[in-house]
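Quick caveat, the model's predicted, so the values are computed rather than measured.
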Amino acid sequence: DDVSDWSSDVCSSDLWLQPLSPHGMAAYGGIGGGVSAHQFPSIAEAAQAQNVEAVTDMLARGCNLDRQDPDGNTALHWVAWFKLDMLLSKLLERRARPDVGNSSGETAVHWAAKSSNISALDFLTKSDRGLLCLRDCDGFTPFIISAQNDNAPVMEWMYMKGVSIEEQDDWGRTALQWACYKGHRKTVQWLLSRSASVVHRDHEGMTAVHWAALKGHEQAAEMLLEVGAVHLLDAADAAGDTPIVLAMRKKNRYLVMCFHKCQLLQFLIGRPHISQNHFAN
């Protein structure tokens, strides 16, 4: 009720952020499986069962590499998720498409990011690094998904490959805003170390410190204050709420006192703190 419907939307969408549970693996017999390739409806379902022999046989028979399972996933999705690098290289050699989206618009590149599979990310995007910026149905890129999952190492790899720190989803929200919403301290720290913008506003007029205040993530808010967000404490979002108002509404006395203290110190001595800790927060 504080910022349109995003909070409720995110709560429901958190389900897809949980680790994937491969469907039907017991029926297929798991890795290896001893199941004939002819018993799999598609190569995607053989890959889902991690049945290397069946996938290899279907590749040799020239099966459709991009045929999707009932959820729209291809063999590349499952191979990237399960880190079956040998099969990944075989699929790519036969020109399997890494840009095919499933029913949620997620590609194999998204799934490689979710599973922290950097080698798959490299294989899938080596010929076109622009694939790292593919968007799903919500506008989430692999970089933003990594921020939601508190995966700074994968974000660092993507950043070194040219991915922008300021990528936005369909609501105009950046990786920093998502990390603050989730309270992912390590990811917030990494993003700030790469000079992520603290003043960026999403389509609701919210900044990263607004989201930290709304969700009560105190460490994230304190890190933002140290790099200039103190000047945003009186900034109203589209609904007219400032970070201080959001913290008061959530009855977070610590954050309210912290915000007021930082404002006072900024006014008196020109910085939001009396002394600065040069070590990692």
Side-chain angles (χ1 to χ4, degrees), residues 17 19-20 22 31 42-48 50-69 71-169 174-175 178 187 190-191 193-194 196:
L17 291 174
L20 300 174
I31 297 177
S42 68
I43 193 170
E45 285 156 295
Q48 179 186 4
Q50 302 180 73
N51 193 316
V52 176
E53 293 180 5
V55 173
T56 302
D57 183 38
M58 296 172 86
L59 284 173
R61 290 192 288 110
C63 291
N64 183 354
L65 303 181
D66 299 317
R67 184 176 173 183
Q68 296 164 284
D69 67 17
D71 295 318
N73 305 308
T74 66
L76 275 180
H77 282 84
W78 292 110
V79 167
W81 175 256
F82 288 121
K83 302 183 179 180
L84 304 174
D85 293 342
M86 180 182 67
L87 291 179
L88 181 69
S89 60
K90 289 182 178 180
L91 286 164
L92 292 175
E93 285 170 5
R94 289 166 173 76
R95 300 183 181 276
R97 292 177 53 194
D99 61 339
V100 176
N102 60 17
S103 56
S104 299
E106 297 170 335
T107 67
V109 181
H110 288 87
W111 279 30
K114 282 185 178 184
S115 63
S116 303
N117 192 346
I118 290 179
S119 63
L121 282 171
D122 195 26
F123 270 122
L124 290 165
T125 65
K126 183 165 288 186
S127 61
D128 181 9
R129 295 301 186 192
L131 295 173
L132 290 169
C133 299
L134 292 171
R135 301 160 71 86
D136 66 11
C137 292
D138 294 309
F140 298 150
T141 63
F143 188 80
I144 290 176
I145 286 176
S146 296
Q148 294 167 337
N149 290 336
D150 198 18
N151 200 335
V154 172
M155 296 172 73
E156 170 73 11
W157 183 88
M158 286 190 276
Y159 175 77
M160 297 301 291
K161 299 301 178 183
V163 173
S164 171
I165 224 93
E166 303 299 338
E167 281 190 340
Q168 301 174 26
D169 62 18
T174 62
W178 268 104
T187 297
W190 180 83
L191 286 163
S193 76
R194 293 299 188 181

Is there a side-chain contact between [X] and [Y] in this structure, where contact means two heavy atoms from C-beta onward sitting under 4.5 Å apart?
X      : Y      : result
Met86  : Val52  : yes
Thr107 : Thr74  : no
Arg95  : Leu65  : no
Asp69  : Trp78  : yes
Asn151 : Pro153 : yes
Trp157 : Leu132 : yes
Glu156 : Arg194 : yes

- [ ] Starting from the C-alpha separation in whole Å, work towards a yes-or-no answer on side-chain hydrogen bond (donor to acceptor under 3.5 Å, both in side chains) for Thr187 and Asp150.
- [x] CA-CA 6 Å; Thr187 297; Asp150 198 18; 2.6 Å; yes
Open item on the list: side chain to side chain contact (heavy atoms under 4.5 Å, CB included), that's the test. Do Thr125 and Val109 meet it? Break it down for me.
Closed with: CA-CA 8 Å; Thr125 65; Val109 181; 4.2 Å; yes
Minimum heavy-atom distance between [X] and [Y], given as atom pair plus value:
X      : Y      : value
Thr141 : Arg135 : CG2-CG, 3.8 Å
Asp136 : Phe140 : OD1-N, 2.8 Å
Cys137 : Gly105 : SG-N, 3.6 Å
Val79  : Ala47  : CG2-CB, 4.0 Å
Ser146 : Met158 : OG-CE, 3.4 Å
Val100 : His77  : O-CE1, 3.2 Å

- [ ] List in chain and number order the residues that pass side-chain contact (heavy atoms from CB on, under 4.5 Å) with Ser42, two or more places apart in sequence or in another chain; answer none if no residue qualifies.
- [x] Ala44, Glu45, Arg67
TODO: Could you pull out all residues at least two apart from Ala196 that satisfy side-chain contact (heavy atoms from CB on, under 4.5 Å)?
DONE: Ile165, Glu166, Leu176, Leu191
TODO: Run through Asn117, Asp122, Leu121 and flag the one making a side chain to side chain contact (heavy atoms under 4.5 Å, CB included) with Ser119.
DONE: Asn117
TODO: Carefully, step by step, assess Lys114 and Glu106 under the rule side chain to side chain contact (heavy atoms under 4.5 Å, CB included).
DONE: CA-CA 11 Å; Lys114 282 185 178 184; Glu106 297 170 335; 2.9 Å; yes
Open item on the list: Would Asn102 and Asn73 count as a side-chain hydrogen bond (donor to acceptor under 3.5 Å, both in side chains) here? Give the steps.
Closed with: CA-CA 5 Å; Asn102 60 17; Asn73 305 308; 2.9 Å; yes
Task: Verdict with supporting geometry, Leu124 and Leu131, side chain to side chain contact (heavy atoms under 4.5 Å, CB included) - done: CA-CA 8 Å; Leu124 290 165; Leu131 295 173; 5.7 Å; no
Once you round to the nearest 0.5 Å, how far does [atom1] of [X] lie from [atom2] of [Y]?
X      : Y      : atom1 : atom2 : answer
Trp111 : Leu76  : CH2   : CG    : 11.5 Å
Ser104 : Asp71  : OG    : CG    : 8.0 Å
Met58  : Ile43  : CE    : CD1   : 5.5 Å
Gln50  : Trp81  : CD    : CH2   : 11.0 Å
Leu88  : Phe82  : CG    : CZ    : 14.0 Å
Ile144 : Asn149 : CD1   : CG    : 12.0 Å

Task: Listed partners of Asp66 passing side chain to side chain donor-acceptor pair (under 3.5 Å), at least two apart - done: none
